[in-house]
Number of protein chains: 2
Amino acid sequence: MTDIPPTLTALTAYLLSKVGKTARGRVAARLGERDLRFWHMSMLAALADFGPHSQRELGARLGIDPSDVVKALDELTAAGWAERTRDPADRRKVRVVVTPEGRAALAGMVRDTEALQDELLAPLNPRERARLHDLLLKVFDRP
Amino acid sequence: MTDIPPTLTALTAYLLSKVGKTARGRVAARLGERDLRFWHMSMLAALADFGPHSQRELGARLGIDPSDVVKALDELTAAGWAERTRDPADRRKVRVVVTPEGRAALAGMVRDTEALQDELLAPLNPRERARLHDLLLKVFDRP
DNA sequence: ACCAATGATTGGTGACAACCTACAATATTT
DNA sequence: AAATATTGTAGGTTGTCACCAATCATTGGT
């Protein structure tokens with residue numbers, strides 16, 4: 001009775017949408033237990049992987065509106081995970097850096113996400129998981 | 001500059017979430033050109049694939065709150081794509097059936113979605129697309 | 001006949017994401 | 001010097017989504 005219409009499951013776009021939504025939902029739920037949100041991890045990852053950003057760079061990289069970057073950074077700095085300092089060369093800009101505590105927090109979030117990912121991909125063996133990752137990466141690189 | 005942090009792209013859960021979101025967004029955009037939404041297609045598909053439903057059955061199958069089913073069906077019936085008739089055996093229930101116009105509309109939505117899917121999966125060859133579909137199906141079947 | 005359960009319906013709520021405007025400070029161009 | 005552009009910031013709007021409570025009609029059981 002709870003079967004899903006084959007007309008829908010025959011569409012890869014439908015499966016992508018649905019599976020993606022549950023993935024997003026579960027990650028959000030697990031992070032939410034510690035009052036964290038998805039973009040906490042995204043921003044910390046951007047700062048950790050690519051070094052300091054201005055706020056506009058951060059927003060551009062992650063596809064977030066500059067005004068929303070402000071609010072997000074307010075939380076990150078309040079938590080001691082990122083620091084805002086004025087760029088001496090261009091005092092309009094803010095130089096955002098991740099703190100050691102921020103890196104530690106990021107590592108924790110990544111671990112949590114990986115644990116959850118294991119549950120989500122339970123029906124797949126290691127080879128299949130790698131294959132899925134590869135395929136998704138190809139699609140992802142072409143927005 | 002618009003590169004995505006490798007810390008994130010290394011997570012399959014992140015890719016699923018992101019790719020799923022763009023898939024959902026694009027389908028919504030294309031359907032939206034004709035003032036259609038995602039659940040229009042879902043409901044019509046459920047009715048077409050499994051025959052008449054009561055509204056509660058519909059909601060249970062698609063994971064939609066019964067009260068939202070009411071609102072959605074209001075639109076479907078207004079468009080002439082579904083019909084509500086009282087179940088003579090149990091006059092509490094509403095027997096929902098899809099009309100021929102509804103089937104035609106569904107076919108159009110499926111075609112649109114498939115066309116869009118071709119764009120989305122452009123980086124993959126046919127064999128890879130089939131493989132991706134298979135893998136997603138396995139993950140999807142295990143919620 | 002009465003009572004509890006079920007189905008449909010109405011009318012909300014709260015969370016959240018995406019976006020937009022206005023503005024102050026600073027830089028750049030003319 | 002003056003005009004223009006960029007950056008961060010504050011504040012608000014919008015739409016969507018999922019969910020909830022109350023209500024009414026109908027059914028089935030006792």
Side-chain angles (χ1 to χ4, degrees), chain A residues 1 17-18 20-29 31-33 35-43 47 52-78 82-97 143, chain B residues 1 17-18 20-29 31-33 35-43 47 52-78 82-97 143:
Chain A
M1 170 53 62
S17 167
K18 278 299 184 190
K21 189 166 191 175
T22 69
R24 184 177 196 81
R26 294 220 192 160
V27 173
L31 294 181
E33 295 173 5
D35 286 323
L36 300 174
R37 305 209 185 291
F38 208 75
W39 45 260
H40 282 118
M41 183 165 60
S42 303
M43 287 201 169
L47 294 171
H53 289 63
S54 78
Q55 295 190 183
R56 275 200 129 73
E57 286 169 343
L58 251 184
R61 185 185 297 283
L62 300 173
I64 304 177
D65 190 87
S67 69
D68 294 324
V69 174
V70 176
K71 302 158 190 166
L73 268 184
D74 285 346
E75 292 193 35
L76 288 189
T77 54
E83 279 173 0
R84 281 195 255 224
T85 57
R86 284 284 159 186
D87 183 339
D90 184 343
R91 297 183 35 77
R92 290 172 305 182
K93 295 186 182 176
V94 166
R95 181 182 155 93
V96 184
V97 293
Chain B
M1 170 54 61
S17 167
K18 277 299 184 190
K21 189 167 192 175
T22 70
R24 184 178 196 80
R26 293 219 191 160
V27 173
L31 294 181
E33 295 172 5
D35 287 322
L36 301 175
R37 305 208 186 289
F38 207 76
W39 46 258
H40 282 119
M41 184 164 60
S42 303
M43 287 201 169
L47 294 172
H53 289 64
S54 78
Q55 296 190 186
R56 275 204 127 71
E57 286 169 341
L58 251 185
R61 185 184 298 284
L62 301 173
I64 302 177
D65 190 87
S67 69
D68 294 324
V69 175
V70 176
K71 300 157 190 165
L73 267 184
D74 286 345
E75 292 192 35
L76 287 188
T77 54
E83 280 174 0
R84 280 196 256 225
T85 58
R86 285 284 159 186
D87 184 337
D90 185 341
R91 295 182 38 76
R92 289 171 304 181
K93 296 186 183 177
V94 167
R95 182 183 155 94
V96 185
V97 293

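Below, chain A is the first sequence line, B the second, and so on; all start at residue 1.
In this structure, the nucleotide among dA8(C), dG8(D), dG11(D) sitting nearest to the side chain of Ser67(A) is dG11(D). Among the nucleotides dG8(D), dC19(D), dA8(C), the one closest to any side-chain atom of Asp68(B) is dC19(D). Counting only heavy atoms from C-beta on, Lys71(B) has its side chain closest to dC19(D) among dC19(D), dC19(C), dA10(D). Side chain of Arg91(A), nearest nucleotide from dT7(D), dC19(D), dT26(C): dT26(C).
In this structure, Arg37(B) reaches the dT16(D) phosphate: one of its side-chain N or O atoms is under 4.0 Å from OP1 or OP2. One finds a side-chain N or O of Arg84(B) lying less than 4.0 angstrom from the OP1 or OP2 phosphate oxygen of dT9(C). Note on Arg56(A): every side-chain N or O is 4.0 Å or more away from OP1 and OP2 of dT6(D).
dG7(C) atom P lies 16 Å from atom CG of Leu73(B), rounded to whole Å. One can place CZ of Arg95(B) at 19 Å from C1' of dT6(C), the figure rounded to the nearest angstrom. Distance, Lys21(B) NZ to dC17(D) C1': 13 Å, rounded to whole Å. Nucleotide dG8(D) holds its P atom 13 Å from the CG atom of Asp74(A), rounded to whole Å. Taking atom CD of residue Glu57(A) and atom C1' of nucleotide dT6(D), one finds them 13 Å apart after rounding to whole Å. In this structure, CH2 of Trp39(B) is placed 12 Å from P of dA18(D), rounded to the nearest angstrom. Asp65(B) places its CG atom 12 Å from the P atom of dA8(C), with the value rounded to the nearest Å. What separates CZ of Arg24(B) from P of dG15(D) is a distance of 18 Å, to the nearest Å.
Under the 4.0 Å criterion applied to side-chain N and carboxylate O atoms, Arg84(A) and Asp74(A) are assigned as salt-bridge partners.
Met43(A) has its side chain out of reach of His53(A): every pair of non-hydrogen atoms, C-beta onward, lies at least 4.5 Å apart. At a threshold of 4.5 Å between non-hydrogen side-chain atoms, the residues Leu47(A) and Val96(A) count as touching. The shortest side-chain heavy-atom distance between Arg37(B) and Leu31(B) does not fall under the 4.5 Å cut-off.
The distance from atom OG of Ser54(B) to atom CG of Asp90(B), rounded to the nearest 0.5 Å, is 9.0 Å.
Listed here is the closest heavy atom pair of Ala82(B) and Leu73(B): CB-CD2, 4.4 Å. Heavy-atom minimum distance, Ser17(A) versus Arg24(B): OG-NH1, 2.8 Å.
Base engagement by Val70(A) is indicated by at least one non-hydrogen atom pair under 4.0 Å involving a base atom.
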Please enumerate all protein N or O atoms sitting under 3.5 Å from an N or O of nucleotides 28-30 of chain D, with distances to 0.1 Å.
none

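Nearest-nucleotide positions on DNA chain C place Arg86(B) closer to the 5' end than the other of Gly63(A) and Arg86(B).
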